[in-house]
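To start, the structure itself, in C-alpha cells.
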Amino acid sequence: MLISMESVIAQTDSVIVIQGEETQVAEKIYNEGIALYKSQKLDEAIQKFGEALKEDSEFALAYLNRAVVFIDKEDYNSALLDFKSYIQRKPNDAQAYYLRGNVYYAMEKQDDALLDYTKSIQLNPQFDNPYYFRGVIKFEKEQYQDAILDFSEAIKINPDYSYAYNDRASAKKMLDDMDGAIADYTQAIRANPKQAFFYNNRGSAKRKKGDYKEAIADYSMAINLNSEYVIAYNNRGYTYFELGDYTNAIDDFSKAINLNSQYAYAYNNRGNAKYKIKDYQGAIADFDKAIALDPNMAYTFMHRGNAKEMIRDVKGALADWEKAAEMGVEAAATYAKKSKEDTF
Amino acid sequence: MNFRIKDMKKYVLFLIVIGIYSSSLMSQNVEFNRDNFPNRSVLREAIKNINSGEKILKDEYPNYQAAQEFFMLAYKLNPNNADLNYKIGYCIFNDKTSRLGSLPYFEKAYKLKPDVALDIQYYLAQNYHINYEFDKAINYYRSYLNSLSGKTLNDSSAEVYKKINECENGKILIKKEERVFIDNMGTEINTAYDEYGPVITADESVLMFTSKRPLVVNQRPERGDYIENVYISNRKDKKWTLSENIGKTLNTDYHNAVKALSNDGQQLIIYRGDNGGDLFLSKASGDSWSKPSRLPKQINTNYHEASASFSYDGKTLYFVSDKPGGLGGHDIYQTKVDNRGNWSDPVNLGGVVNTPYEEISVFAHPDGKSLYFSSNGHDNIGGYDIFKTTFENGIWTKPVNIGFPINTTENDVFFVISASGRRAYYSSAKDGGYGGQDIYVITFLGPEKLFVMNGEDNLLANKTNPIKEKFIAPAVVIEETSLTLLKGIVVDEKTRNPILATIELYDNEKNELLASFQSNSSTGRYLVSLPSGKNYGIAVKADKYLFHSENFILPDSAKYQEIEKEIALKKMEVGQRIVLRNIFFDFNKSSLRDESTTELENLLALLKENSKMKIEISGHTDNVGSAQYNKKLSESRAQSVVNYLKSKGITADRLSFAGFGFDDPIAPNDTEEGRQLNRRTEFKVIQN
C-alpha cells in the first residue's frame with residue numbers, strides 16, 4: 001500500500017482521552033506500544049496493545065492501532081478481527097471502515113472493500129481516500145465512468161490529490177479521451193512534479209494521439225527522474241518506431257533490455273524495428289528471445305514469420321504464421337492461407 | 001632570429017601563391033604536346049592511338065569497345081587530358097554494357113575543362129539520372145540547357161525537359177518502393193548471351209523466350225550478333241527445366257523472336273524481320289508446332305509490328321505497330337477475330353494508353369481487363385517503364401507506373417504476369433546477371449506485413465506492476481486477381497488416352513459463346529481462364545463422344561483459384577449418362593431458366609447430328625424434403641427439358657423422361673457440396 005499507515009497512528013495519538021484509572025494504566029501501556037511501533041518493533045507493539053486491552057477491554061484505540069500493525073505485518077486476518085472489535089465499539093469512525101477496506105483490497109476481496117469504502121464515505125463525505133480507492137476498484141472492474149466520478153470526488157476534496165488525477169487520467173485514456181487524459185496527467189504533474197510515472201503515462205496518451213515528439217519529451221522527462229525506468233525506455237522506443245526513427249527505437253529497446261534482460265516486450269519491439277531496417281536475422285533472434293521468455297506472445301510468432309519470409313524461409317514463415325493463427329491472430333491466418341495456396 | 005611583421009606578410013603571400021599554383025597544377029588539363037611529353041616516339045604513339053580510336057567512332061556502327069581500347073593506351077601515358085577522358089566516357093556510355101562506368105571519366109573531363117564538349121553536362125546528367133541521383137541530374141540537365149542557344153537549344157530542349165520530368169517522377173517513385181523479390185532465373189534459363197522477351201502460360205507451367213546464344217559451341221556471330229531463336233522451359237517439381245531450342249519449325253535460319261503465348265500454351269506469335277517486322281501465328285499440334293503463318297494484312301503492314309498478346313478468350317489480339325495514323329512512334333492496337341477466323345480492322349487504343357512517345361510492348365492479363373505495356377512516355381522514370389491499365393466501364397483507366405524497383409531508370413520492357421498475380425517475368429541488362437540481357441522473375445510480396453508493438457504504463461498510481469496496453473490487430477485483406485484458372489486433361493473415360501477436344505466457353509446469362517479452345521492432341525491438356533463475374537457454361541466436345549458439361553458461377557468478388565479437373569469423355573454408346581450442369585430451374589419449380597438455353601441448344605445439336613439417337617432425360621434431387629415431393633419435382637423438371645426439345649423439332653419417340661427424386665445420388669447428401677451435385681438433370685443414351 002502506498003498510503004502510509006503512520007498517519008493513522010499519528011492521528012489516533014493526538015486524540016487520547018483520559019478516562020478513569022484503569023484507562024490511565026491502559027493508556028500508558030498503549031503509548032508504549034505506539035513508541036515501539038514507531039521504532040519498527042512491530043511484535044512488541046502488538047504485545048503492548050494486547051496488554052493495554054487486558055487492562056481495559058473497552059480501549060477501542062488499542063484495537064484500531066493493533067489492527068494497523070497487523071496490516072504492516074500483512075497478517076490481514078488478525079487485522080480484520082481487530083477492526084471488527086473496534087467498529088463494534090466505535091461504529092461511526094469513517095477512517096476505520098476505510099482502513100478495513102484497504103485490508104479487504106489487499107486480500108483481493110474487491111466487493112467487501114467497496115462496501116467499506118462506501119460506508120466510510122457515508123460517515124464522512126469529506127474524506128478523500130475512500131473515494132480514491134473506490135475509484136481504483138471500479139477501474140479494475142473496467143467501470144471507467146464510475147471510476148472517474150469517484151476520482152473526481154476525491155479531487156474536489158483534495159485539489160492536490162496527484163494520484164487521483166493520474167488514475168482519473170488513466171480512466172479517461174481507457175475511454176479514448178486522450179485530451180482529457182493528458183489534462184489530468186498534467187494536473188498530477190502540477191501537484192507532484194517529481195513523479196516519473198506521471199510523465200510516462202502522459203507520454204503514452206500523447207503517443208496514442210499521434211503527438212510523437214511531445215510523447216518523446218515526456219518519456220525523456222520520466223527517464224530523467226528515474227534513469228532505470230524500464231517501461232519508459234520501451235515506450236519511448238515504441239514512439240520512435242511510430243516516427244520511423246528505427247535507430248533510436250532500437251537504442252531505447254536495448255536500454256530497456258539492459259535494465260531488464262527478461263523484458264519480452266522490448267525484444268518483440270526491437271525485433272520489429274530491426275525488421276524495418278532489413279536486419280532480418282537480427283529481428284528473428286529478438287523474436288526467438290521474446291518467445292522463449294513468453295510463449296504466449298501470439299503476435300511475435302506472426303512477426304517472426306514475417307521476417308522469415310524475407311530471408312526466403314518459406315516453411316519457417318508458414319509454421320510461425322500458423323502458430324500465430326492458432327493463437328487467434330487473424331492476419332496471420334490470412335498470411336498462412338496465401339502461402340499454402342501458392343503451390344508453384 | 002628576428003622576424004619582423006613585414007617579413008611575415010611576405011612569407012604568407014609567398015605561401016598563398018605556391019598554394020594556388022600547385023592546386024591549379026593538379027586540376028590542369030594536360031595536352032598531348034612536346035612541352036608535356038618531350039619523348040617524341042612515346043607522344044607519337046599516343047596520338048596514333050587516339051586517332052585510331054577516333055576513326056572507329058566515325059563508323060556507322062562503331063565498335064565502342066575497340067575504340068576505348070585505343071584510348072586507354074593513350075590514357076596510360078596521360079590520364080589528365082580532358083578530351084581523352086571525355087572520349088573514354090563517351091565509349092563506355094554508348095557501348096551500353098555498363099554505362100555508369102563512364103561517370104568517373106566524364107567527371108574528370110568536366111573538372112579539367114568544363115567546356116571540353118558541348119554535351120559534357122548532358123552526359124553527366126544522364127549518368128546521375130541512371131544512378132538515381134535525381135537532384136544532381138536535374139541540375140546538370142538545366143545547366144546543359146542554359147549552355148545552349150539557337151538551333152541546338154531548339155532541337156534539344158524537348159528531350160532534355162522530358163528527362164528532367166523523368167527525374168521528378170523518379171523522386172516520387174523511389175519513395176514508394178514496391179515489396180518484391182527480383183531474382184535472376186538462373187543458368188537453366190540465362191547464359192552469357194542475351195535472353196529476353198519472356199512469355200508464359202497463365203499457370204506458369206511453360207516459359208518461352210528469345211535468346212541470342214550461339215546454336216553450336218564455337219559458332220561465330222554474323223555481323224556482330226548471333227541469331228535470335230525461341231527457347232522453351234517447363235516447370236517440373238518446383239523447378240524450371242534446362243531451356244532448349246524449340247525446334248526448326250519455328251526457328252528458321254533467320255531471326256525468330258517469340259512475342260506472345262496464349263494462356264493455355266497452344267498458340268504462339270513469332271516476330272520475324274520480314275517486311276519491316278511482321279507477326280506470325282503458330283498453333284500447337286500435339287508435341288509440335290505448325291509452320292508459322294503470317295497474320296493478315298489488318299495486322300501486319302509494311303511497318304514495324306513488334307509485340308502482341310492474346311486476350312483471355314483468344315478473341316482479341318493486342319499488338320504494337322508504328323504504322324502511320326497513330327499517336328506517335330509505336331502504338332498499341334487491338335483487333336478481334338470472329339467465329340470464321342476473320343480479323344477486324346485494328347483500332348488504336350487511344351490517347352489514354354498511347355502517347356506521342358513509344359508504347360513498345362503489350363501483355364493482356366488472363367483476368368480479361370488488365371493490360372500491361374511498356375512506354376517511355378506517361379510518368380516514366382527513365383528509358384522504358386512498365387505500366388498497367390484496366391478496361392472498366394467501356395474505357396481504359398489512366399495507366400499507372402507499376403513502381404520501383406521493377407521499373408528502373410533504364411529500359412524495362414518485356415513484362416508478363418501470371419494469372420494469379422503472384423509472379424511476373426521480365427528481362428533486363430542490369431548488373432549482376434550472367435551477361436547481356438537476362439530474364440528475371442519478380443515475386444510480389446503484397447502490402448507490408450502487420451507488426452504489433454507492445455507497450456505498458458503505470459496507469460494506477462498505487463499499483464507497482466504496469467498495465468499492458470490492449471490491442472487487437474485488425475484482419476488484413478490481400479488483393480488478388482479476380483479469375484479462376486480451370487485446367488486439366490481431357491481423356492477417354494475407358495482407355496484414359498488423351499483426346500483432342502474442343503472446349504467451348506459460354507456466358508449462360510447472355511447465351512453467348514465467349515470462346516473456343518482446343519486441348520493438346522498429345523497430352524490432352526487444356527487451360528481456360530474464367531474472369532470473375534459470370535455464370536460460365538463449359539461444353540467439352542470431341543468427335544464420336546458425348547459432350548461433357550461443366551458450370552462455374554463466379555460472382556464479381558470471386559478471388560483467384562486454380563482448379564485442376566480431369567474431363568473424361570464418354571463414347572456415344574447406349575447406357576452412357578451425362579450430367580447437364582447448365583440446366584437451371586427456378587427454386588421449387590420446373591420452369592426452365594433462360595440461362596439453360598445454351599446447354600439445351602448443345603443437346604439439341606447432338607440429337608440433330610445423331611438422328612438415330614434416343615435419350616432419356618432424368619431429374620434428380622438432394623434428400624431435403626419428402627420422397628414424394630422430390631419425385632414429383634424431378635419428374636416435371638425432366639419433362640420440361642423434353643418439352644423444349646420437342647418444341648425444337650425432336651420427335652417424341654426419341655425422347656423419354658423420368659423423375660428419380662433422391663433415389664440415385666452421385667454424391668453424399670451430408671454436405672451442401674454433395675447436395676448440390678445431386679440436384680441435377682441427366683440424359684442417358686437409350687439407343688444410338
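Proteins get letters first, then strands, A, B, ... in listed order; numbering begins at 1 in each.
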Q. Using a heavy-atom distance cut-off of less than 4.5 Å, which residues of residues 164-172 of chain A contact chain B?
A. A/N166, A/D167, A/S170
Which one, [options], leads in non-hydrogen pairs under 4.5 Å with chain B?
options	result
A/T334, A/V329, A/I231	A/I231
A/E330, A/E242, A/M174, A/M310	A/M310
A/R312, A/E309, A/K173	A/R312

Q) Can you tell if the side chain of A/N306 reaches within under 4.5 Å of the side chain of B/E448, non-hydrogen atoms only? A) no
Q) Is there side-chain contact between A/Y265 and B/E456, with heavy atoms separated by less than 4.5 Å? A) yes
Taking side chain as everything from C-beta outward and backbone as N, CA, C, O, which of these in [X] sits under 4.5 Å from a heavy atom of chain B? Side chain, backbone, both or neither.
X	answer
A/Y229	side chain
A/Y238	both
A/N234	side chain
A/Q195	neither
A/F139	side chain
A/N269	both

Q. Would you say B/E673 has more than 12 foreign heavy atoms packed within less than 6.0 Å of its CD?
A. no
Q | Over 12 non-hydrogen atoms of neighbours within 6.0 angstrom of CD in A/E228 | A | no
Q) Are B/D457 and A/K208 close enough for a salt bridge, meaning some N to O gap below 4.0 Å? A) no
Sub-4.5 Å heavy-atom contacts with chain A: which residues of [range] show up?
range	result
residues 172-179 of chain B	B/E177, B/R179
residues 477-487 of chain B	B/I478, B/E480
residues 554-566 of chain B	none

What are the two closest heavy atoms between [X] and [Y], and how far apart are they?
X	Y	value
A/A331	B/V476	CB-CG1, 3.8 Å
B/N462	A/F133	ND2-CE2, 3.6 Å
B/F471	A/Y299	O-OH, 3.4 Å

Q) Given B/K463 and A/V136, is the side-chain contact (heavy atoms from CB on, under 4.5 Å) satisfied, shown in steps? A) CA-CA 10 Å; B/K463 287 224 142 341; A/V136 169; 5.6 Å; no
Q) Non-hydrogen atoms of chain A under 4.5 Å away: do they reach the side chain of B/D237, the backbone, both or neither? A) neither
Q: Using the ring of A/F344 (Phe, Tyr or Trp, six-membered ring only), decide whether B/R422 places NZ or CZ under 6.0 Å from its centre and within 45 degrees of its axis.
A: no
Q: Hey, could you give me the CG/CG distance between B/N454 and A/N272, rounded to the nearest 0.5 Å?
A: 8.0 Å
Q. Going from CG on B/L460 to OH on A/Y163, what distance comes out if it is rounded to the nearest 0.5 angstrom?
A. 11.5 Å
